[in-house]
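See below for the structure under consideration.
Start at 1 and go down the list; that is how both ligands and their atoms are numbered.
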Amino acid sequence: MNPMTLYMVIPCYNEEAVLPETARCLREKFAALTESGQISADSRITFVNDGSQDHTWALIRQLCTDEPDLFCGIALSRNAGHQAAVLAGLMTVCERCDAAITMDADLQDDPDTIDRMIAAYYEGNQVVYGVRSSRKTDSPFKRRTAEGFYRIMQLMGTEIVYNHADFRLMSRRVIEELRGFPECNLFLRGMIPLIGFQSTTVTYERRERFAGESKYPLSKMLHFAADGITSFSVRPLKIITNLGFVMVAVSIVMFVWAVIVKIAGLSVQGWSSTLCSIWFIGGIQTLCLGIIGEYIGKIYAEVKHRPRYIIAEFLHDGEE
Ligand code: UDP
Ligand code: MG
């Protein structure tokens with residue numbers, strides 16, 4: 001059997017501090033894998049520059065010029081976000097590879113896991129999810145928010161792999177099928193399980209970021225979590241509808257109570273009618289919002305046909 005052609009896809013946003021080290025680690029890894037006949041000599045390491053403001057693209061360019069048979073580079077026209085950068089990389093390399101592995105640039109994902117991912121691929125798996133065995137290196141805050149996020153996602157009925165971020169191997173077939181998912185609200189870890197095919201997980205220890213700062217501040221993380229929930233589940237809208245029903249039910253109880261208080265002659269003038277209408281109107285409004293929201297939620301996912309990223313440059317085999 002011929003060895004497979006593997007492409008690494010690595011999104012980079014202001015990663016000049018780690019890029020040389022990441023390139024060094026992966027160069028060694030690729031040399032070993034090619035040597036042992038696990039991957040073909042056509043395999044490549046692809047860095048996707050996600051509109052960085054620092055020297056990231058200059059570094060990528062240099063790598064592509066110095067070692068065109070190992071590195072390639074994709075420059076997006078602007079900062080499109082982590083998920084869009086990963087997708088842009090996958091879509092660009094799809095036709096050239098048998099499988100691609102997506103990995104962060106900061107070396108938090110252990111490159112030695114790649115060996116096990118390749119082994120799982122040869123065993124017939126089309127998707128291999130990298131799963132963190134622990135979050136020891138994350139701050140307690142990051143750990144709690146991240147684990148809470150996976151729990152909420154599961155409660156909301158989205159099928160995701162627990163503690164799996166975007167470190168995964170995908171076969172060419174799976175990446176081709178990913179083309180059929182036109183959504184703009186990208187949440188790859190929710191989308192890939194929907195594609196199906198035989199899959200497995202490999203666990204690894206997540207390490208500290210090698211250098212530089214996290215490019216995911218709390219605001220971005222919350223946005224990402226909200227995207228993950230609203231793009232994959234209409235359960236929040238159902239909760240609103242149910243809340244509306246509950247409020248209408250409460251309003252009926254309040255109505256009965258107000259009538260009783262009135263008959264007993266204990267009420268102040270105008271109190272009963274005000275109280276009843278507040279509850280009743282509140283209930284009706286929430287109910288209506290829930291119903292309308294349910295429709296908008298469905299339309300929303302369908303109508304946005306904007307491009308998810310724009311590729312400005314692609315450096316491959318020394319060509320532009
Ligand atoms: N990243 C990106 N675009 C962005 C933000 C992040 O391409 O807008 C990349 C970043 O360079 C890194 C990966 O996404 O390779 C994950 O980011 P980071 O390590 O900062 O996130 P964390 O691990 O702290 O959640
Ligand atoms: Mg990181």
Notebook entry, point to check: Considering only heavy atoms, does His82 approach ligand 1 within less than 4.0 Å through its side chain, its backbone, both, or neither?
Noted result: both
Checklist line | Main-chain N/O of Val127 paired with Ser199 side-chain donor or acceptor, under 3.5 Å | finding: no
Notebook entry, point to check: Any donor-acceptor pair under 3.5 Å linking the side chain of Gln108 with the backbone of Arg207?
Noted result: yes
Checklist line | Rounded distance [0.5 Å steps], CG in Asn14 versus OG in Ser52 | finding: 4.5 Å
Item checked: Plane angle bin for His164 and Tyr129 - parallel if under 30°, tilted between 30 and 60°, otherwise perpendicular -> perpendicular
Checklist line | Closest Asp106 atom to the Mg ion (ligand 2) [N, O or S only] | finding: OD2
Next item on the list: Could you grab the distance from atom CD of Glu176 to atom CE of Met91, nearest 0.5 Å is fine?
Entry: 9.5 Å
Check: Hey, does Ala105 come in under 3.5 Å of ligand 1, counting only N/O atoms on both sides?
Finding: yes
Check: Taking atom CG of Asp54 and atom CG of Leu59, what is their separation to the nearest 0.5 Å?
Finding: 7.5 Å
Item checked: Interatomic spacing from CZ in Arg96 to CZ in Arg44 - rounded to 0.5 Å -> 9.0 Å
Margin query: Students should be able to answer this: which protein heavy-atom is nearest to atom 19 (O) of ligand 1, and at what distance?
Written below: Asp106 OD2, 2.5 Å
Notebook entry, point to check: Within less than 4.0 angstrom of ligand 1, does Arg206 place any heavy atom?
Noted result: yes
Note to self: Are any of the N/O atoms on Gly81, whether in the backbone or the side chain, positioned under 3.5 angstrom from an N/O atom of ligand 1?
What the structure shows: no
Checklist line | Heavy-atom nearest neighbour in the protein, as seen from atom 18 (P) of ligand 1, with distance rounded to 0.1 Å | finding: Arg209 NH2, 3.4 Å
Notebook entry, point to check: Which residue owns the protein heavy atom closest to atom 6 (C) of ligand 1, what's the atom, and how far is it?
Noted result: Lys215 CB, 3.5 Å
Check: Between Asn79 and ligand 1, which residue portion shows a heavy-atom distance shorter than 4.0 Å: side chain, backbone, both, or neither?
Finding: side chain
Notebook entry, point to check: Taking both backbone and side-chain atoms of Glu213, is any N or O found less than 3.5 Å from an N or O belonging to ligand 1?
Noted result: no
Note to self: Out of all atoms in ligand 1, which are within 4.0 Å of some heavy atom of Glu15? Include the element for each.
What the structure shows: 10 (C), 11 (O), 12 (C), 15 (O)
Notebook entry, point to check: What is the nearest protein non-hydrogen atom to atom 9 (C) of ligand 1, stated with its residue, atom name and distance?
Noted result: Pro11 O, 3.9 Å
Next item on the list: Identify which one of Leu19, Thr22, Asp50 satisfies the side-chain contact (heavy atoms from CB on, under 4.5 Å) criterion when paired with Cys12.
Entry: Leu19
Next item on the list: Look at atom 3 (N) of ligand 1 and say which protein heavy atom is nearest, naming residue and atom and giving the distance to 0.1 Å.
Entry: Asp50 OD2, 2.6 Å
Margin query: Please work out, at 4.0 Å between heavy atoms, whether the side chain, the backbone, both, or neither of Asp104 comes within that distance of ligand 1.
Written below: both
Notebook entry, point to check: Among protein heavy atoms, which lies nearest atom 25 (O) of ligand 1, and at what distance?
Noted result: Lys142 NZ, 2.9 Å
Check: Any side-chain heavy atom of Ile192 within less than 4.5 Å of one from Leu178?
Finding: yes
Next item on the list: Distance to 0.1 Å, residue and atom name: give those for the protein heavy atom nearest to atom 21 (O) of ligand 1.
Entry: Tyr216 CD1, 3.3 Å
Notebook entry, point to check: Got the closest protein heavy atom to atom 24 (O) of ligand 1, with its distance?
Noted result: Ser214 OG, 2.5 Å
Notebook entry, point to check: Parallel, tilted or perpendicular: which fits the ring planes of Phe187 and Phe149, with parallel below 30° and perpendicular above 60°?
Noted result: perpendicular
Notebook entry, point to check: Looking only at atom types and distance, does a side-chain atom of Gln83 sit under 3.5 Å from a main-chain N or O of Leu188, one as donor and one as acceptor?
Noted result: yes
